[in-house]
Amino acid sequence: MNIAILDDSKEDLWQIKSVISSYYESRNTSADIRLYSSAESFFAKYSPGFYDLIIMDIYMGTMTGMDAARKLRDAKDTAALIFITSSDAYAVESYDVQASYYLLKPFDPEKLCRILSTIQFRQSQNSRYIELISDRTPVKIPVRSILYVDTYRNAIQVHTTDAGIIRSYMTFQKFEEILDGMKCFLPCYRGCIVNMDHIEEVTEEGFLMDSKELVTVRKRGSNAIKKAYLEYLFSSDSDK
């Protein structure tokens with residue numbers, strides 16, 4: 001795990017580092033943790049895609065944490081992002097930069113550890129593959145590349161980030177069995193399931209994906225479906 005912590009408070013920097021170091025040591029996981037007292041010093045050494053997790057304060061010098069987060073996402077950086085800051089003023093805005101969590105200072109170390117467990121689970125899940133038969137050929141599809149899945153005639157259609165649409169002739173129920181236990185998938189209506197890790201925005205009609213495609217949600221029960229997504233997004237349950 002490559003981790004960056006950005007905070008202009010030395011005390012907060014070392015406290016966060018201490019909690020994170022203890023967490024990964026207790027799980028025998030290697031963690032390279034780097035500390036930065038400003039967003040500017042972070043970007044002076046930044047390489048897109050290097051970090052798995054970035055934790056930052058919002059109120060920092062000239063470049064705020066929100067400014068830094070936007071710059072990361074503009075660079076197509078998909079690192080998990082946690083804000084640990086002194087005000088909830090930007091909690092809603094944190095959706096726009098796909099922040100995984102938003103904690104208020106003084107933060108609860110146990111809660112941060114639960115969040116780290118959830119992030120670790122998601123990252124391990126994202127390394128998984130599913131295998132389908134498409135055009136009589138076995139195809140391995142990384143779970144992280146799946147945007148959503150729907151049906152077309154007698155086939156299921158897997159919409160992906162890098163391989164377009166992959167069709168396989170099987171029942172939708174059978175496909176759901178393949179995804180059993182993968183909590184990132186959420187049914188939107190009969191014959192459609194969405195990967196919540198690719199949702200960019202919740203709209204009145206449904207979910208706007210980071211591919212800019214709109215996946216609609218059935219009207220009946222739409223509030224419950226959207227609530228399930230929000231619970232997934234901000235859950236800190238370690239067994240999720």
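The basis for the numbers below is simple: all heavy atoms, side chains too, and nothing from hydrogens, waters or symmetry mates.
Residues that satisfy the side-chain hydrogen bond (donor to acceptor under 3.5 Å, both in side chains) test with Gln157, not counting sequence neighbours, are Asp150, Arg167.
When hydrophobic clusters are built by joining Ile, Leu, Val, Met, Phe, Trp and Tyr residues whose side-chain heavy atoms come closer than 4.5 Å, directly or via intermediates, Ile84 is grouped together with Val19. Under the 4.5 Å side-chain contact rule for hydrophobic residues, Leu53 and Leu6 do not share a cluster. Tracing side-chain contacts under 4.5 Å through hydrophobic residues (I, L, V, M, F, W, Y), one never reaches Ile3 starting from Phe50; they form parts of separate clusters.
Ion pairing between a basic and an acidic side chain is recognised when a charged N comes within 4.0 Å of a carboxylate O; Arg70 and Asp67 show such pairing. A salt bridge does not link Arg73 to Asp96: none of the charged side-chain nitrogens sits closer than 4.0 Å to a carboxylate oxygen. Checked for salt-bridge contact, Arg144 and Asp197 miss the test: no charged N lies under 4.0 Å from a carboxylate O.
Taking the six-membered ring where the residue is Trp, Phe43 and Tyr46 present perpendicular rings, their angle passing 60° and hence far from 30°. Using bins of under 30°, 30° to 60° and over 60° for the plane-to-plane angle, the ring pair Tyr36/Phe42 lands in the perpendicular bin.
Side-chain contact, Thr85 with Asp57: a donor N or O sits under 3.5 Å from an acceptor N or O. Between the side chains of Ser211 and Glu213, a donor-acceptor pair is found at a separation under 3.5 Å.
Residues Val139 and Ser134 share a closest heavy-atom pair of CG2-CB, 4.0 Å. Across all their heavy atoms, Tyr90 and Tyr59 have their closest contact at CE1-OH, 3.5 Å.
Counting only residues at least two apart or in different chains, salt bridge (Lys or Arg N to Asp or Glu O under 4.0 Å) contacts with residues 17-41 comprise Asp32-Arg34.
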Begin with the C-alpha distance, continue with both residues' side-chain angles, and end with the deciding distance and a verdict on salt bridge (Lys or Arg N to Asp or Glu O under 4.0 Å) for Lys105 and Asp7. CA-CA 12 Å; Lys105 296 179 180 180; Asp7 201 309; 2.8 Å; yes

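Two rings, from Phe207 and Tyr229, have their centers less than 6.0 Å apart.
The side-chain tip of Lys183 does not point at the ring of Tyr232 from less than 6.0 angstrom away and within 45° of straight on.
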